[in-house]
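FYI, the numbering just counts along the sequence from 1. For ligands, and for the atoms within them, numbers begin at 1 and follow the listed sequence.
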Amino acid sequence: MSEQMERIKTLIIGSGPAGYTAAIYAARADLKPVMYTGMEPGGQLTTTTEVDNFPGYPEGIDGPTMMMQLQQQAERFGTEVRIGMITAVDFSDEFGGIHKVTVDDSQVIEAETVIISTGASAKYLNIPSEQRLRGGGVSACAVCDGFFYKGQEVAIVGAGDTAAEEASYLANICKKVTMLVRKDYMRASKAMQHRVNSIDNIEIKYNTEVDEVLGDQVVEGLRMVNNETGEKEEIAITGLFIAIGHKPNTDIFKGQLDMDETGYIITQPKSTKTNKPGVFASGDAQDKIYRQAVTAAGTGCMAALDAERYLATVESKETVES
Ligand SMILES: Cc1cc2nc3c(=O)[nH]c(=O)nc-3n(C[C@H](O)[C@H](O)[C@H](O)COP(=O)(O)OP(=O)(O)OC[C@H]3O[C@@H](n4cnc5c(N)ncnc54)[C@H](O)[C@@H]3O)c2cc1C
């Protein structure tokens, strides 16, 4: 049975900046990587029009083009890119052990090393006007898109540390930031609350939720509702930032890999090693702090180098023992 299974040296799960960078390095190291793209080929950046902060693009570049170029670069060195979802995994506990991975609930393949780069998904409010204006002024990434609203009035939804951090970031760039907090208190740490409270151009509205994002093609305003009184209020804004959390795409690894309480894969310090030998994690799936394309690419590079060193150690051990 197992003789008929396909055996891959380095399997890469996910086709965002982390996955493609891992693929470029792994292919150049002759690890003959095979990548499964998942349901979003190219990853999160395919949902944005303008990437202005990735080094090497002085004029900026649109997300889908950048990801197509990364794919071409990975394929140039021999990466095999396959359309498909990894739906189950069975990771070995043994050093040098073989990992079994199921593709699209049907085919099982074997891999000597696995690089996980399944990313994360931003949570949205999921109201129709917000969904319609995603990419037209509604964003889930202040660090990525805040610059486009320089000198303008924006709003941010959220009450945790990330929301507070992003509100402070936006306040540096924008004329005014209205912060919508659903409860009558913020979840953010006391230090972060103090920071947002001390910034003059941040106005915090408690017990307040989004009723509707206003605008036809782009965001022109926001109708808010006080969830205690039912009172509605409209403000003119050009950007709405949603900062209510991210969900790492790691459900299929639960029970096999060590994760934190929100599902981010835990890697060893200064490495991409997980708790399973030969399984490495890169990009947003293991990073809840930075969540940028360039940091994802950086850890993708690390994962490929870690996989290469691991395989070399396995091979030299086998040679000594034989
Ligand atoms: C709207 C928006 C704009 C952004 N703008 C910028 C920006 O301007 N600059 C910047 O630096 N960052 C930006 N970011 C953040 C950036 O996109 C992410 O940090 C980066 O894409 C993370 O890369 P990743 O490779 O870890 O994962 P992702 O890009 O999230 O890719 C994950 C990949 O894994 C695949 N996958 C998931 N599950 C499976 C599975 N079971 N089997 C197989 N494949 C699977 C998916 O299909 C996808 O291909 C933006 C994000 C968003 C949402």
Novice: Specify the protein heavy atom at minimum distance from atom 15 (C) of ligand 1: its residue, its atom name, and the distance to 0.1 Å.
Specialist: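 So the nearest neighbour among protein heavy atoms is R291 O, 3.7 Å.
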Novice: At less than 4.0 angstrom from any non-hydrogen atom of A18, what atoms of ligand 1 do you find?
Specialist: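 Once the distances to A18 are compared, the set is 25 (O), 26 (O).
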Novice: Any chance OH of Y57 has more than 12 other-residue heavy atoms, nucleotides or ligands included, within less than 6.0 Å?
Specialist: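 Buried by this count: over 12 neighbours within 6.0 Å.
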Novice: Considering the heavy atoms of A120, write down every atom of ligand 1 situated less than 4.0 Å from one of them.
Specialist: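 The atoms of ligand 1 under 4.0 Å from a heavy atom of A120 are 30 (O).
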Novice: Nearest to atom 9 (N) of ligand 1, what protein heavy atom do you find, and at what distance?
Specialist: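 Looking only at protein heavy atoms, the one closest to atom 9 (N) of ligand 1 is N53 OD1, 2.8 Å.
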Novice: Against heavy atoms of T37, which atoms of ligand 1 measure under 4.0 Å?
Specialist: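 Reading through ligand 1 atom by atom, the close ones are 35 (C), 44 (N), 46 (C), 47 (O), 48 (C), 49 (O).
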Novice: State the atoms of ligand 1, each with its element, that fall below the 4.0 Å cut-off from a heavy-atom position in G283.
Specialist: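 Contacts of ligand 1 toward G283, numbered from 1: 26 (O).
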Novice: Considering the heavy atoms of S15, write down every atom of ligand 1 situated less than 4.0 Å from one of them.
Specialist: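 The list of qualifying atoms is 33 (C), 34 (O), 48 (C), 49 (O).
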Novice: Students should be able to answer this: which protein heavy-atom is nearest to atom 31 (O) of ligand 1, and at what distance?
Specialist: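 Ranked first by proximity to atom 31 (O) of ligand 1 is G43 CA, 3.4 Å.
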Novice: Given that the side chain starts at C-beta and the backbone is N, CA, C, O, which of these parts of T118 lies under 4.0 Å from ligand 1, counting heavy atoms, or is it both or neither?
Specialist: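 It is both parts that get close, each with some atom under 4.0 Å.
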Novice: Among Y169, F148, Y149, exactly one meets ring pair (Phe, Tyr, Trp, His ring centres under 6.0 Å) together with F241. Which residue is that?
Specialist: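 With F241 as partner, ring pair (Phe, Tyr, Trp, His ring centres under 6.0 Å) holds for just one option, Y149.
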Novice: Taking the side chain from T299 and the backbone from T295, do they hold a donor-acceptor pair closer than 3.5 Å?
Specialist: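 Pair found, side chain donor or acceptor close to backbone of T295.
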Novice: Give the atom numbers and elements of ligand 1 that come within less than 4.0 Å of a heavy atom of T48.
Specialist: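 Contacts of ligand 1 toward T48, numbered from 1: 3 (C).
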Novice: Between E209 and R182, does any side-chain N to carboxylate O distance fall below 4.0 Å?
Specialist: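 No, no charged N to carboxylate O under 4.0 Å.
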Novice: Between the main-chain N or O of V225 and the side-chain N or O of D211, is there a donor-acceptor pair closer than 3.5 Å?
Specialist: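 No, the answer is negative, given that no donor and acceptor are paired below the 3.5 Å cut-off.
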Novice: Please answer whether the main-chain N or O of C174 pairs with a side-chain N or O of N201 as donor and acceptor at a distance below 3.5 Å.
Specialist: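 Present.
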Novice: For F253, does its backbone N or O pair with a side-chain atom of Q256 as donor and acceptor, under 3.5 Å?
Specialist: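 Judged by distance alone, no pair lies under 3.5 Å.
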Novice: Just distances here: any N/O of I252 and N/O of ligand 1 closer than 3.5 Å?
Specialist: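 No.
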Novice: Which part of V143 is near ligand 1, with near meaning a heavy atom under 4.0 Å away: side chain, backbone, both or neither?
Specialist: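 No part of V143 is near ligand 1 at this cut-off.
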Novice: I need the nearest protein heavy-atom contact for atom 11 (O) of ligand 1: residue, atom name and distance, please.
Specialist: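 Answer, as residue, atom name and distance: A293 N, 2.8 Å.
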Novice: Looking at M85, which atoms of ligand 1 are within less than 4.0 Å of one of its heavy atoms?
Specialist: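 Once the distances to M85 are compared, the set is 40 (C), 41 (N), 42 (N).
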Novice: Going by the closest heavy atom to atom 49 (O) of ligand 1, which one wins out of E40, R134, M66?
Specialist: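 Of the listed residues, E40 has the closest heavy atom.
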Novice: Is a donor on one side and an acceptor on the other found under 3.5 Å between the side chain of S15 and the backbone of T37?
Specialist: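 Between the backbone of T37 and the side chain of S15 there is a qualifying donor-acceptor contact (under 3.5 Å).
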Novice: Among protein heavy atoms, which sits nearest to atom 26 (O) of ligand 1, and what does the distance come to when rounded to 0.1 Å?
Specialist: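 Result for atom 26 (O) of ligand 1: D284 N, 2.8 Å.
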Novice: List the closest protein heavy-atom neighbour of atom 42 (N) of ligand 1: residue, atom name, distance to the nearest 0.1 Å.
Specialist: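 For atom 42 (N) of ligand 1, the nearest protein heavy atom is I86 N, 3.0 Å.
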Novice: Does R132 use its side chain to pair, donor to acceptor, with the backbone of I127 at less than 3.5 Å?
Specialist: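 Looks like no, no N/O pair under 3.5 Å.
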Novice: Pairs of nitrogen or oxygen atoms closer than 3.5 Å, one from T47 and one from ligand 1: do any exist?
Specialist: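 Between T47 and ligand 1, no N or O pair is found under 3.5 Å apart.
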Novice: Any idea which atoms of ligand 1 are less than 4.0 Å away from a heavy-atom of S117?
Specialist: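 Near S117, meaning under 4.0 Å from one of its heavy atoms, ligand 1 has 32 (C), 33 (C), 34 (O).
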Novice: Does E6 pair with K32 as a salt bridge, N-O distance under 4.0 Å?
Specialist: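 A salt bridge is absent here (no side-chain N lies under 4.0 Å from a carboxylate O).
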Novice: Within a reach of under 6.0 Å around OH of Y290, are more than 12 heavy atoms found that belong to other residues, nucleotides or ligands?
Specialist: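 It does not: Y290 OH has 12 such atoms or fewer within range.
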Novice: Would K317 and E315 pass as an ion pair if we require N to O under 4.0 Å?
Specialist: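 Looking at K317 and E315, the cut-off is not met.
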Novice: Is there a heavy atom in S139 that sits closer than 4.0 Å to ligand 1?
Specialist: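 The answer is no: ligand 1 sits nowhere under 4.0 Å from a heavy atom of S139.
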Novice: Which residue supplies the protein heavy atom nearest to atom 6 (C) of ligand 1, what is that atom called, and how far is it?
Specialist: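 In this structure, atom 6 (C) of ligand 1 has C144 SG, 3.0 Å as its nearest protein heavy atom.
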Novice: For ligand 1, indicate whether the residue M39 contacts it via side chain, backbone, both or neither (heavy-atom separation under 4.0 Å).
Specialist: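 Both parts.
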Novice: Would you call Y36 a ligand 1 contact, heavy-atom distance under 4.0 Å?
Specialist: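 True for this residue.
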Novice: Among all protein heavy atoms, pick out the one at the shortest distance from atom 52 (C) of ligand 1; state its residue, atom name and that distance to 0.1 Å.
Specialist: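 Heavy-atom neighbour on the protein nearest atom 52 (C) of ligand 1: Q44 OE1, 4.1 Å.
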Novice: Ring centres of Y25 and F77 under 6.0 Å apart?
Specialist: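 No.
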Novice: Check the side chains of E231 and N226 for a donor-acceptor pair under 3.5 angstrom, ignoring hydrogens and angles.
Specialist: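 Per modelled atom types, N226 and E231 side chains form no pair under 3.5 Å.
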Novice: Counting only heavy atoms, which portion of A140 has something under 4.0 Å from ligand 1: side chain, backbone, both, or neither?
Specialist: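 No part of A140 comes within reach of ligand 1.
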Novice: Are any of the side-chain heavy atoms of L222 and E234 separated by less than 4.5 Å?
Specialist: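 SC-SC contact between L222 and E234 ruled out.
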